[in-house]
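Chain letters run A, B, ... following the sequence lines, proteins first, then strands; residues in each count from 1.
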Amino acid sequence: MLSRDEIDALFPADLPEVEYWEQHYPPRELADGAEVTRLGPSPTGFIHIGGIYAAMIDVDRSRRTDGVYVLRIEDTDRAREVEGAIEQFERAFAYFGVSPDEDDVRPGGYGPYAQSARERIYHSYARELMRRGRAYPCFATSEQLQEQTKVQQAQGVPSGYWGKWAMWRDASDDDVREQLAAGTPWVVRFRAPDDAIGSRARFVDEIRGPLEHDANRNDTVILKSSATSPRLPTYHFAHVVDDHLMRITLVIRGEEWISSVPVHLQLFEALELPQVRYAHIAPLMKQIPGGKRKLSKRKDPEASVDFYVGEGFPAPAMLHYLRGLANSRLADMPLERALAEPILLDECGVAGPLVDLAKLRDISGDHIATLTGEQIAAELRTWALRFDESLVAVLDDNRELLLQALAIERDGVDNPRKDLRTWSEFREVYGYFFDELFTPVDGPADERLAPIGLEPDAIRTFAEAFRAAYQPLADSAEWFDQLRAVAAEHGFAGSVKEFKQNRDQFVGSIREASQIVRVALTGSTRSPDLGQVAAVLGADRVLARLDAVVGSRTTA
RNA sequence: GCCCCGUUCGUCUAGUGGCCUAGGACGCUGGCCUUUCACGCCGGUAGCACGGGUUCGAAUCCCGUACGGGGUACCA
């Protein structure tokens, strides 16, 4: 082992001792039971919906216990960094109400909160480990390591840097000095405990209970190689140092980390630091032919938070859905209560759930149905500002019309319609109220009229007659009576039942007649009560749209 | 290869040895309500991965197998 002076010479002379950091980041003064949680995203592109899922649980645990939720940017892999990723995080977290209590824009005394800015801290601890003989420099090249892995695989022994394969673990001081003097690039490796091989690591996971794993035998890298600053730590080392110094109590992270817990435990022990507690959550999955897999950033648009925000799923609906995934107890509650109730770790599922957009849409529709027209107008506008610029102008120019349209079967009704599930659906579901967003049908043969199942001639005839007799009656029942009257005159049965009993005697039933008018006015076979729609539209629009069905032969 | 985590209706799940001829929700679907579209209401559909144990009794406990996910990186 190198002398203390030789080890210290590998680091800047003014590098603080670990005691300095311990005092600089003292234990937090929080009540008993307060949880300090953290999320450590890498700025490698868009934020994954799983990140929001984890953040939501972090926020819940910390707020419930009067603790703190910290956001730490894990940017130790500079090669994968993407420009603007941090701003994107900020926006996504704000949208879902899971902004951190502490990060670089809301410093809390435990920063900096980006790992790339914490280099000196890691170095202090790495040097300390080296002084204690618990870490050492390694000069192996990646070619050497790859070659060794091949040999290990051929021999059927576990691959890795351990036992006799750990070539620099017990190298002579002279060999080390020689490499250092020659300027060979080096990394710092942790010296796994000598008794690790063959022993087991045991720990308790807050979600899964007692877990057991082979103890780590690898001398894992803790400081990566780099000729110039920054010489960054690996995840394992950064996790231990940061989570200790930030005084994190509860680490909630993906289950892919379970296999790494043994090395983390060894690191805490070697540094003589108290352990954090762990909760490993199941990953969000996606259905694929023949099975399911983890939602992939690259392949699945619905893995991205942008997808949900862009589609216009309201944040409360998303949160309700995500909470239900975490604790199924919450899925069955009304939204407001589901958001207020705590997320319990021991109730979290252990198998990765599939993200079910049909279910999300259902929840979203339920939520929007509880909003007032004013609220919908406001939310919709906020969404459109970002994703549908041209819609904003239409909404602003027709505010009264918009509110009237939204009021149909919503205001003062026991069970509002659930026709709007996302903001992006607005154009499709309510667009026909606005001339700017509506394309009138193109004659009786327009394909939008096809689902009714009548001949174009019959459609034209009825539309023409209805148009001729049209009265803009305000009362919805009276309004519909005139439709019934015209329908009866033109051979439509008064009820579906009547029509079914004597098909040959009728052109269709009141249903078909109504649908002709519905498609004429709205372009769709689905819409709220026709009388109310017509009242909001106004007589001029109604007549013009009926004319459009009749077609060029009798343009009004 | 080795190690770890998992596996209840299509999906999310309840279920911790008898309350389970397995409950709820979404989806799909039949009907009712209705002058039209919906909403709502009532009903239906469909599941304990497989094989051995333990037990008077197992979805629940044990063992094995299969399948899925993850780890075995100077990625996180």
Side-chain angles (χ1 to χ4, degrees), chain A residues 40-42 44 74-77 79-80 138 140-142 145-146 149 152-153 155-161 185-189 205 208 211-214 216-218 220-226 231-236 238-239 253-262 280 282-283 285 287 290-294 321 324-325 327-329 331-332 349-363 365 369 409-410 413-419 476-477 479-481 483-484 487 494-496 509-518 522 524-531 533:
Chain A
S42 300
T44 55
E74 309 214 329
D75 53 354
T76 55
D77 186 7
R80 302 201 312 171
C138 166
T141 63
S142 63
L145 262 12
Q146 278 172 28
T149 303
Q152 289 171 322
Q153 281 167 352
Q155 293 186 12
V157 301
S159 56
Y161 198 96
W186 50 279
V187 300
V188 177
R189 283 186 184 271
D205 184 277
R208 293 154 202 267
L211 253 29
E212 209 176 296
H213 204 285
D214 280 344
N216 168 61
R217 66 176 71 191
N218 275 297
T220 48
V221 172
I222 57 175
L223 238 41
K224 303 182 196 181
S225 82
S226 174
R231 179 194 279 273
L232 266 5
T234 57
Y235 172 87
H236 304 112
H239 154 233
R253 50 158 42 164
E255 70 172 17
E256 67 270 22
W257 293 111
I258 292 178
S259 318
S260 303
V261 172
H280 291 94
M285 314 285 280
Q287 179 97 64
K292 55 181 186 176
R293 62 163 159 73
K294 219 168 134 180
Y321 175 65
L325 244 31
N327 282 183
S328 63
R329 174 178 46 95
D332 294 329
V350 287
L354 245 39
V355 172
D356 184 353
L357 290 178
K359 178 92 177 184
L360 209 209
R361 289 168 60 79
D362 178 72
I363 291 175
E409 289 176 54
R410 174 169 282 107
V413 164
D414 284 343
N415 299 302
R417 333 177 33 95
K418 296 182 177 172
D419 47 9
S476 199
W479 187 95
F480 207 88
D481 280 340
L483 197 159
R484 280 169 65 81
S495 75
V496 176
S509 71
I510 185 70
R511 171 191 287 168
E512 281 71 34
S514 302
Q515 289 295 59
I516 291 171
V517 177
R518 170 165 283 116
T522 71
S524 165
T525 52
R526 282 186 57 169
S527 85
D529 178 83
L530 277 177
V533 169

Enquirer: Using the P atom in both, what is the distance from B:C26 to B:G69, to the nearest Å?
Expert: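 Pairwise P distance, B:C26 against B:G69, rounds to 30 Å.
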Enquirer: Determine the Euclidean distance between corresponding P atoms of B:A25 and B:G40; express it in Å to zero decimal places.
Expert: 13 Å
Enquirer: What interatomic distance, in whole Å, is found between C1' of B:A49 and the corresponding atom of B:A66?
Expert: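 Result for the C1' pair: 8 Å, nearest Å.
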Enquirer: When rounded to the nearest 0.5 angstrom, what distance separates CD1 in A:Ile510 from CZ in A:Phe480?
Expert: 4.5 Å
Enquirer: Roughly how far apart, to the nearest Å, are B:A59 and B:A14 at atom C1'?
Expert: 12 Å
Enquirer: B:U7 pairs with which nucleotide, Watson-Crick or G-U wobble, both distances below 3.5 Å?
Expert: B:A66
Enquirer: Looking at A:Ser159 and A:Gln152, would you say the former's side chain and the latter's main chain have a donor-acceptor pair under 3.5 Å?
Expert: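 Not a single qualifying donor-acceptor pair exists.
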Enquirer: At 4.0 Å (heavy atoms only), tell me whether A:Thr525 reaches a base, stays on the sugar-phosphate, or touches nothing.
Expert: sugar-phosphate
Enquirer: Taking atom C1' in both B:C28 and B:C67, compute the distance separating them and give it to the nearest angstrom.
Expert: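 One C1' to the other, the span is 27 Å.
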Enquirer: What is the base-pairing partner of B:G30, counting Watson-Crick and G-U wobble geometry with both distances under 3.5 Å?
Expert: B:C42
Enquirer: Which base, if any, makes a Watson-Crick or G-U wobble pair with B:C48, both distances under 3.5 Å?
Expert: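 Across any shown strand, B:C48 pairs with none.
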Enquirer: What distance, rounded to whole Å, do you find between the two P atoms, one in B:C42 and one in B:G24?
Expert: 12 Å
Enquirer: Figure out the CD1/P separation between A:Ile258 and B:C5, and round it to whole Å.
Expert: 7 Å
Enquirer: Can you identify which nucleotide, out of B:C74, B:A76, B:C39, has its nearest atom closest to the A:Asn415 side chain?
Expert: B:C39
Enquirer: Are the side chain of A:Glu255 and the backbone of A:Ala282 linked by a donor-acceptor contact shorter than 3.5 Å?
Expert: no
Enquirer: Counting N and O atoms only, with roles assigned by atom type, does the side chain of A:Arg231 sit under 3.5 Å from a partner on the main chain of A:Leu223, one being a donor and the other an acceptor?
Expert: no
Enquirer: For A:Ser42 and A:Glu74, indicate whether the former's side chain and the latter's backbone hold a donor-acceptor pair under 3.5 Å.
Expert: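 Yes, the answer is positive, given that a donor and an acceptor are paired below the 3.5 Å cut-off.
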Enquirer: Give A:Asp214 one of three labels, base, sugar-phosphate or nothing, depending on what nucleic acid heavy atoms sit under 4.0 Å from its own.
Expert: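 If one applies the 4.0 Å heavy-atom cut-off, A:Asp214 turns out to touch the sugar-phosphate alone, with no base involved.
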Enquirer: Describe the nucleic acid contact of A:Ala282 in one word from base, sugar-phosphate, nothing, applying a heavy-atom distance below 4.0 Å.
Expert: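 Nothing, no heavy atom under 4.0 Å.
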Enquirer: Measuring only the C1' atom in each nucleotide, how far is B:G47 from B:U11? A whole number of Å is fine.
Expert: 12 Å
Enquirer: Starting at CZ of A:Arg329 and ending at C1' of B:G24, how long is that distance when rounded to a whole Å?
Expert: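 Nearest whole value for this atom pair: 15 Å.
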Enquirer: Indicate whether the side chain of A:Ser509 and that of A:Glu512 have a donor and an acceptor atom separated by less than 3.5 Å.
Expert: yes
Enquirer: Please state how far atom CG in A:Leu360 lies from atom C1' in B:C26, giving the value in whole angstrom units.
Expert: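 The answer, rounded to whole Å, is 11 Å.
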Enquirer: Counting only side-chain heavy atoms from C-beta out, which of B:C4, B:U13, B:U35 sits nearest to A:Arg484?
Expert: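 Per side-chain heavy atoms of A:Arg484, the pick is B:U35.
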Enquirer: Once you apply a heavy-atom cut-off of 4.0 Å, does A:Arg217 come out as touching a base, just sugar-phosphate, or nothing?
Expert: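 It contacts nothing in the nucleic acid.
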Enquirer: At 4.0 Å (heavy atoms only), tell me whether A:Ala351 reaches a base, stays on the sugar-phosphate, or touches nothing.
Expert: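 Sugar-phosphate contact only - A:Ala351 comes under 4.0 Å of backbone atoms but never of a base.
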Enquirer: B:C39 and B:U34: how far apart are their C1' atoms, nearest whole angstrom?
Expert: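 To the nearest whole Å, 11 Å.
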Enquirer: Are A:Ser259 and B:G70 close enough that a side-chain N or O sits under 4.0 Å from OP1 or OP2?
Expert: no
Enquirer: Just checking A:Ser527: base, sugar-phosphate only, or nothing, at a heavy-atom cut-off of under 4.0 Å?
Expert: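 Contact class for A:Ser527: base.
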Enquirer: Please determine if a side-chain N or O atom of A:Arg208 lies less than 4.0 Å away from the OP1 or OP2 oxygen of B:C4.
Expert: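 So the side-chain polar atoms of A:Arg208 never come under 4.0 Å of the phosphate oxygens OP1 or OP2 of B:C4.
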Enquirer: With heavy atoms under 4.0 Å as the rule, sort A:Ala238 into base, sugar-phosphate or nothing.
Expert: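 The answer is nothing, as A:Ala238 stays clear of every strand by at least 4.0 Å.
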Enquirer: Contact class for A:Asp529 vs. all strands (heavy atom < 4.0 Å): base, sugar-phosphate, or nothing?
Expert: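 A:Asp529: base contact, heavy atoms under 4.0 Å.
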Enquirer: Per the atom types in the model, does the base of B:C74 pair as donor or acceptor with the side chain of A:Ser225 at under 3.5 Å?
Expert: yes
Enquirer: Contact class for A:Val350 vs. all strands (heavy atom < 4.0 Å): base, sugar-phosphate, or nothing?
Expert: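 Sugar-phosphate, no base atom in range.
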Enquirer: A:Arg526 near the nucleic acid: base, sugar-phosphate alone, or nothing, with a heavy-atom cut-off under 4.0 Å?
Expert: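 Sugar-phosphate contact only.
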Enquirer: For B:C75, take OP1 and OP2 only and decide whether either is under 4.0 Å from a side-chain N or O of A:Lys224.
Expert: yes
Enquirer: Taking the nucleotide of RNA chain B with the nearest heavy atom to each, does A:Asp332 or A:Pro416 sit closer to the 5' end?
Expert: A:Asp332
Enquirer: Let me know the distance between CD of A:Glu255 and P of B:G69, rounded to the nearest Å.
Expert: 12 Å
Enquirer: Can you check whether A:Arg511 has a side-chain N or O nearer than 4.0 Å to OP1 or OP2 of B:C37?
Expert: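 True: A:Arg511 side-chain N/O within range (under 4.0 Å) of B:C37 OP1/OP2.
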Enquirer: At under 4.0 Å between heavy atoms, what does A:Pro185 touch on the DNA or RNA strands: base, sugar-phosphate, or nothing?
Expert: nothing
Enquirer: How would you label the contact of A:Glu212 with the nucleic acid (heavy atoms, under 4.0 Å): base, sugar-phosphate, or nothing?
Expert: sugar-phosphate
Enquirer: What is the distance from CD of A:Glu256 to C1' of B:C5, rounded to the nearest Å?
Expert: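 In whole Å, B:C5 C1' lies 12 Å from A:Glu256 CD.
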Enquirer: Looking at B:U60, which nucleotide sits across from it as a Watson-Crick or G-U wobble partner, both distances under 3.5 angstrom, or is there none?
Expert: none
Enquirer: Do the side-chain N or O atoms of A:Thr76 get closer than 4.0 angstrom to the phosphate oxygens (OP1, OP2) of B:A76?
Expert: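 So the side chain of A:Thr76 is within the cut-off, an N or O lying under 4.0 Å from OP1 or OP2 of B:A76.
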Enquirer: Might you point out which heavy atoms bring A:Gln515 and A:Thr525 nearest each other, and give the distance in Å?
Expert: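 Looks like NE2-O, 3.2 Å.
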Enquirer: Kindly compute the distance separating CG (A:Asn327) from CG (A:Asp332), expressed to the nearest 0.5 Å.
Expert: 11.5 Å
Enquirer: Go through B:U35, B:G70, B:C26 for me and flag the one nearest to the A:Lys294 side chain.
Expert: B:G70
Enquirer: Starting at NE2 of A:His236 and ending at C1' of B:U72, how long is that distance when rounded to a whole Å?
Expert: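 To the nearest whole Å, that distance equals 11 Å.
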Enquirer: Which nucleotide sits closest to the side chain of A:Pro353: B:C74, B:C12, B:G69?
Expert: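 Closest nucleotide among those given: B:C12.
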Enquirer: Atom CD of A:Gln515 to atom C1' of B:A38: distance rounded to whole Å?
Expert: 11 Å
Enquirer: Quick one: label A:Pro528 by what it contacts on the DNA or RNA (base, sugar-phosphate, nothing), any heavy atom closer than 4.0 Å.
Expert: base
Enquirer: Whom does B:G1 pair with, Watson-Crick or G-U wobble, provided both distances fall under 3.5 Å?
Expert: B:U72
Enquirer: Would you mind telling me which residue lines up with the more 5' stretch of RNA chain B, A:Leu530 or A:Leu211, judged by nearest nucleotide?
Expert: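 In this pair, the answer is A:Leu211.
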Enquirer: Roughly how many Å is it from CE in A:Met285 to C1' in B:U11, rounded to a whole number?
Expert: 13 Å
Enquirer: Which nucleotide sits closest to the side chain of A:Ile510: B:A38, B:U35, B:C26?
Expert: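 For the A:Ile510 side chain, the nearest candidate turns out to be B:U35.
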Enquirer: May I ask you to evaluate whether A:Lys418 reaches the phosphate of B:G40, defined as a side-chain N or O under 4.0 Å from OP1 or OP2?
Expert: yes
Enquirer: Say you draw a straight line from OG of A:Ser527 to CD of A:Glu409; how long is it, rounded to the nearest 0.5 Å?
Expert: 8.0 Å
Enquirer: Counting distance only, does the side-chain N/O of A:Tyr321 pair as donor-acceptor with the main-chain N or O of A:Asp356 below 3.5 Å?
Expert: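 A pair under 3.5 Å: yes.
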